[in-house]
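Taking it in order: structure first as C-alpha cells, then the write-up.
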Amino acid sequence: MTGFVFLRVRAHRLLLAAALLAVLLTTVVLATLTAFSGAIGDAALRQSLRTRSAAQAALVVRTQVPPGQDESARHEVRKGAERTFDGLPVRLRSLARSETYALPDTGRAERGERGERGERGERGERGEQPDLTRLAALDRSRIRLTKGSWPAGGTKGPVEVALPETAAAKLRLGPGAAPFTLTDRLTGPKVTVRVTGVYRPADAADPYWQLDELGGRGMRKGVFMTYGPLLVAPSVLTGSRVSTEGTQWLATADFGAVTTGRVDALRTAAAKGPAALADNRALGGNPSADTALPEVLDRAERALLVSRSTLLIVALQLIMLAGYALLLVARLLSTERGGETELLLARGGARGRIAWLAAVEALLLALPAAVAAPLLAGPATRLLAGQGALSRTGLRLDVSAGTGVWLAGLVTALGCALAVVAPALSAASGIRRSVRAPALPAPLRAGADVGLLVIAAVAYWQLDSRTSGTGALSDDRGGRLGIDPLLVAAPALALLAGTVVTLRLLPPAARLAERRAARGRGLPGALAGWQLSRRPLRGAGPVLLLVLAVAMGMLAIGQGASWDRSQEDQADFRAGTQIRVLGSRVPDGQQERVFAGLPGVRAAAAAVRDTMNLSDDRRATVLALDTAKAAPGLLTRGDRGDRDTIASALAPNRPSGKAGSQLRAVVTEPFLRASGARVGDLIEVPAGSRDVQVRIAKAVPDLPTSGPAEGSDRSAGPDSGAVLVDLPSLDARITRNGAKPLAPSEWWLTTRPGKAAEAATALRARPDIDPEQVLVRDEIAAELRDDPLGAGPQSALLAVAAAAAALAAVGFAVSAAGSLRERTAEFAVLRALGAPRRQLARLIAAEQGFLLGLALLVGLGLGAVLTRAVVPLIVLTGEATQPVPPVLVELPAARVITLLAATATVPLLIITALSLRRGDPTVSLRHEGGN
C-alpha cells in the first residue's frame, strides 16, 4: 500500500508540490506570527520597565531610621522589595540627608561684584529669602567626580563636602575655597564645611534621582533658591555633627527574565508589598513605600492586547486566503484523479480506503511543514524585527521555538491537511457533477452572499460602537481584560463578504466581454469571450484568490501608513505647538522675556487653562490663548479645524476700545453636544474669580490639547469638549472691570525649523523650570513611533501581504495550468482545423489576462473601500481606544502601484509561459479517441 501511495504522489507531483508549497508557506507564516507575538510582547515589556517606565516601576521607601539600626533597616527594606517584585533580583540604593541649612551671605560675596548685584535682584524678588542646601550621603555609583577629591569623614574640623557641578558654577565655589558655615533652619547646630570636590550625575535620567528633591539638577529656584545636595561621607550623617532628616531607599528589580506570563503575579505582589513595608515598625516611625508598578503593568497589558489583536486580525485573513488556495489546489487534484477514483470504485475499492489514501497524502504534506515551520520561525522573526518601524526601536528579540510555536505549527499543518483532503472525501462519495455548471454556485443562488454582507455589516456596526466608547478590549466576569473576538473577526468578515460578492460580478462581466469580443474580427477574442460567458465560474477560483490578495495588501498598506500618520497627528494634538511649558517658577513679570529669548524660539504665547462645569457633573476645558502669537505654530489638522480659520474667528476679539465689544470663542463639537449650546449663543466662561460672557463664533471637531490625555480614565464619561478664547481680549475685558490680568499657567513656544531640541535643552537647564513640565512635540512623536508594541505589528503587515501574494500566485498558476490541461483536446481540435498556433496563444492570453485584470480591478476597489471603512476601527492607541484626533486613512499611491505590480508579476509570467507552450495535437486527439 505504501508503494501505491508513492506512485499516486509521483503521478501528480507538480500539483502536490504546489500544495506542499502552500502548506509550508502558510504554516511558516503563522508560526512566525506566533513567535513574533510572544517575543515582541516579552521584549517590549522588559524595555518599558527598564527605560521609559523605569522610574515608575521602582520602589521608593522613606523613613526615619533609629540611631544604630541602619543595617537592620536596610535588611528589612531589601526583604520587602523582594516581596514587592515577586522574588526578582533587587538592587537597593540609598540617600540619607540632613535637615535644611541656609547658605551664608558671605559665601555669595565671594562670587564677585557682578554676581552680587544679580543675586540681590533675585533675593529682592523672593522677599530677601536665604539660599538653602542639604547635606546628603549619595550612592557614589550614581555620580562622577569631575574636580578635586571625594569628601572624607571625621569628627574634627570642617565637614568635607562635594558640590554638584551646576551649583559649584553658580556659587563660584570649588576645591580650595575657604570654609563657610551653614545655619540649621530649625534648632540644630551650625556646621562649617569645606569643599573638596565637584561631582555630576552619571545619568541625569536615572530613577535614583527621584530620591533627590532637586532631581539631580544641583539647584532649583522657587520661593527659596536651593542648591545641592552637598555630598558628605555616610559617617557624617550617623554622628551628631549635623541634624538628619531621614533615609530614603530606591529598590529596582532586574526585569531581564520577566515575561508577559508573569504580569499577574508581579502586579499582585507590587500591590501588596508597599503596604507591608509601611506597616513594618522595624523601619522606625512613619515609614512610607510607593511604587507605580501595578499601573505600569496595567498599561503594558492593554498595549500588549492591542498588539496581539492586530496580529490576529492579519493572521485570520491569511488563514482565510490560505484555506481557499489549498481548497482550490485540492479540488484540481481531485478532478485530475476523477478517472482513477472511478476506476478504483468500479474494481471494488472501498470509499473509506480511497479517503484513507488521500489522508495519507495530506499528512505527507503536513508533517514536513509542521517540523520545518517552528525551526524557520526564529530566523523569520528576527528578519521581521529588522524591518519597518520596529527597526527604529533597536529592540532585540529573544526568539526560541517554544511550546506555543510548535503547537501553532502543528495545528496549522493539520488544518492545511484537512483542507487538502476535503475535496478528495467528497469525490470518494461517488457524487457525479453535471457537465454544464450553473452560472452561480448553489449557496450564492440561495442568497449566502447577501447573508454574509448582513453579518459583516452588523459586526462593523458593533465594532464601531465599541471602539468609539471606552475601548476595544473585552473583559470576562472577573473583570480580566482580553482580546475582543469581534475586533479580530470583523475585518475578515468584511473582506470575505466583499470577495464573495465578486462572484456575482463574473457572469455579467463575462457576457460583457463576449459582446465586445464578438464585434471584433479575430478568432482569439471571440472564442475567449464565448468560453468566458459559457463557463464564467471556471476562472472564479484564481480571480477570488487575487482579489483577496490585493485587498489584503491594500489593507496592510493602508493600516501601516495610517498608523504612521496617526502617531504624528497624536503628537500634534498633545503638544499643540512645537514646545509647551506647563508650568514654571519664573516671576510673572519676566516670563515673556525669558521664554521669547530662548535660543531658536520665534514666538512665545501665554495661555491660561481652566475648566467650566456643565450639567450631569461634566466639565469642559477652557483655554485662553494669545492666538496672534500662537497661530503660526499652532498644530492642527485641516479637517479638524484649520489654524487660520480659528485665528480669523477670534480676530475680532482684539481690544477695540469699545466698552461693549463682544468676546468671541471657538468651541468643539463635543462641547456643543454636552452643553446644548449652538453657534451664535452667549455662554459664560470662568476668568479667574469671575465669569465672562463670550459668543460662540465657530465650532470645530476638536482643539489641540483639549481631549482626554493618554492613559487617563475614559470610563468617567465622554469628552465634554473645550472652549478657546483670545487671552489678550479676555484680559482687556476683565481689567476694564477692575480685575487684574490673568497670570499665565502655561506657555506655547513656536520655534524656528530644526531648533526645537535646542530650545528644549535650554529650558530644562533652567533652575526655575522642572524638566517634566516641558513638552516637546518631536519627543512625543518619537515616543509614539518607537513604541515596540505599536511598531511591531506594522512590521508584520507587509510580510503577511507578501505571503498572501505568494499564495495567490500558487493558486493562480495551478488553476491556469489545470484549465489549460482540461481544454487540451479542444485546442487540439482547433489546431487540426487549421487555427494558427499564434491565435491559440492569443486566446489563452486573452482569457487569462481578462481574469487577471478583473481580479486586480475588483481587488483594488474592494481594498480601497475596506481600508477606508475598517482601518479607522482597528488602528487603536495603547489604551485600546480610538486616537485623538481620529485616524485619517492614508493609501499611498506609490505603494499601491507597487503592490499591484508585484501581485500581477507571477500571474503574467505564468500566462506568458502557458501561451508560448507548444503541444502536439496528434497525441491529444489520439488520447481523446482512445477514451
Side-chain angles (χ1 to χ4, degrees), residues 572-573 575-581 592 595-596 602-612 620-675 677-688 690-707 719-737 739 741-750 885:
D572 290 345
F573 188 85
T577 187
Q578 283 81 11
I579 299 178
R580 186 155 57 98
V581 183
E592 184 172 7
F595 293 128
R602 188 171 56 186
V608 178
R609 190 178 298 270
D610 203 346
T611 58
M612 63 181 295
T621 301
V622 178
L623 178 64
L625 178 67
D626 189 340
T627 52
K629 294 180 179 178
L634 192 64
L635 300 177
T636 61
R637 204 171 70 189
D639 63 318
R640 313 302 294 177
D642 182 75
R643 62 186 178 189
D644 294 332
T645 304
I646 293 174
S648 63
L650 295 176
N653 289 348
R654 287 301 176 190
S656 60
K658 298 180 180 180
S661 60
Q662 181 65 60
L663 288 175
R664 302 177 67 188
V666 174
V667 303
T668 62
E669 293 171 358
F671 176 82
L672 295 181
R673 292 191 294 268
S675 64
R678 293 179 297 179
V679 175
D681 288 354
L682 287 173
I683 59 173
E684 290 189 344
V685 298
R690 64 185 64 198
D691 291 337
V692 175
Q693 276 195 343
V694 299
R695 186 176 298 279
I696 300 177
K698 185 176 180 59
V700 295
D702 46 48
L703 289 167
T705 76
S706 63
D719 177 23
S720 296
V723 179
L724 174 66
V725 297
D726 185 63
L727 180 59
S729 301
L730 183 62
D731 282 341
R733 169 62 60 86
I734 62 177
T735 54
R736 282 200 299 267
N737 296 331
L742 299 178
S745 58
E746 54 187 67
W747 284 83
W748 296 40
L749 309 183
T750 302

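Hydrogens, waters and symmetry mates are skipped; everything else that's a heavy atom, side chains included, is used.
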Rounded to the nearest 0.5 Å, what separation is found between the [atom1] atom of [X] and the [atom2] atom of [Y]?
| X | Y | atom1 | atom2 | result |
| --- | --- | --- | --- | --- |
| Arg609 | Leu742 | CZ | CG | 14.0 Å |
| Arg643 | Thr627 | CZ | OG1 | 13.5 Å |
| Thr735 | Leu730 | OG1 | CG | 9.5 Å |
| Phe671 | Thr621 | CZ | OG1 | 10.5 Å |
| Asp691 | Ile683 | CG | CD1 | 10.5 Å |

How close do [X] and [Y] get, heavy atom to heavy atom, and via which atoms?
| X | Y | result |
| --- | --- | --- |
| Pro686 | Met612 | CD-CB, 3.7 Å |
| Gly633 | Thr750 | CA-OG1, 3.5 Å |
| Ala687 | Val692 | CB-CG2, 3.8 Å |
| Val685 | Val723 | CG1-CG1, 4.1 Å |
| Asp702 | Pro885 | OD2-CB, 4.0 Å |
| Ala649 | Ala697 | O-CB, 4.0 Å |

Side chain proximity check, [X] to [Y], heavy atoms < 4.5 angstrom:
| X | Y | value |
| --- | --- | --- |
| Gln662 | Leu682 | yes |
| Val679 | Lys698 | no |
| Trp748 | Lys629 | no |
| Ile696 | Leu672 | yes |
| Gln578 | Arg602 | no |

Under 3.5 Å, side chain of [X] to main-chain N/O of [Y], donor-acceptor pair present?
| X | Y | value |
| --- | --- | --- |
| Arg640 | Val700 | no |
| Asp610 | Val622 | no |
| Thr668 | Leu703 | no |
| Arg695 | Gly680 | yes |
| Asp642 | Asp644 | yes |

Name the residue from Leu635, Thr636, Thr577 that meets the side chain to side chain contact (heavy atoms under 4.5 Å, CB included) definition with Pro704.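 Looking at Leu635, Thr636, Thr577, the match for Pro704 under the side chain to side chain contact (heavy atoms under 4.5 Å, CB included) is Thr636.
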Of Thr705, Leu727, Val725, which meets side chain to side chain contact (heavy atoms under 4.5 Å, CB included) against Leu623? Thr705
Flag if over 12 foreign heavy atoms under 6.0 Å of CZ, Arg690: yes
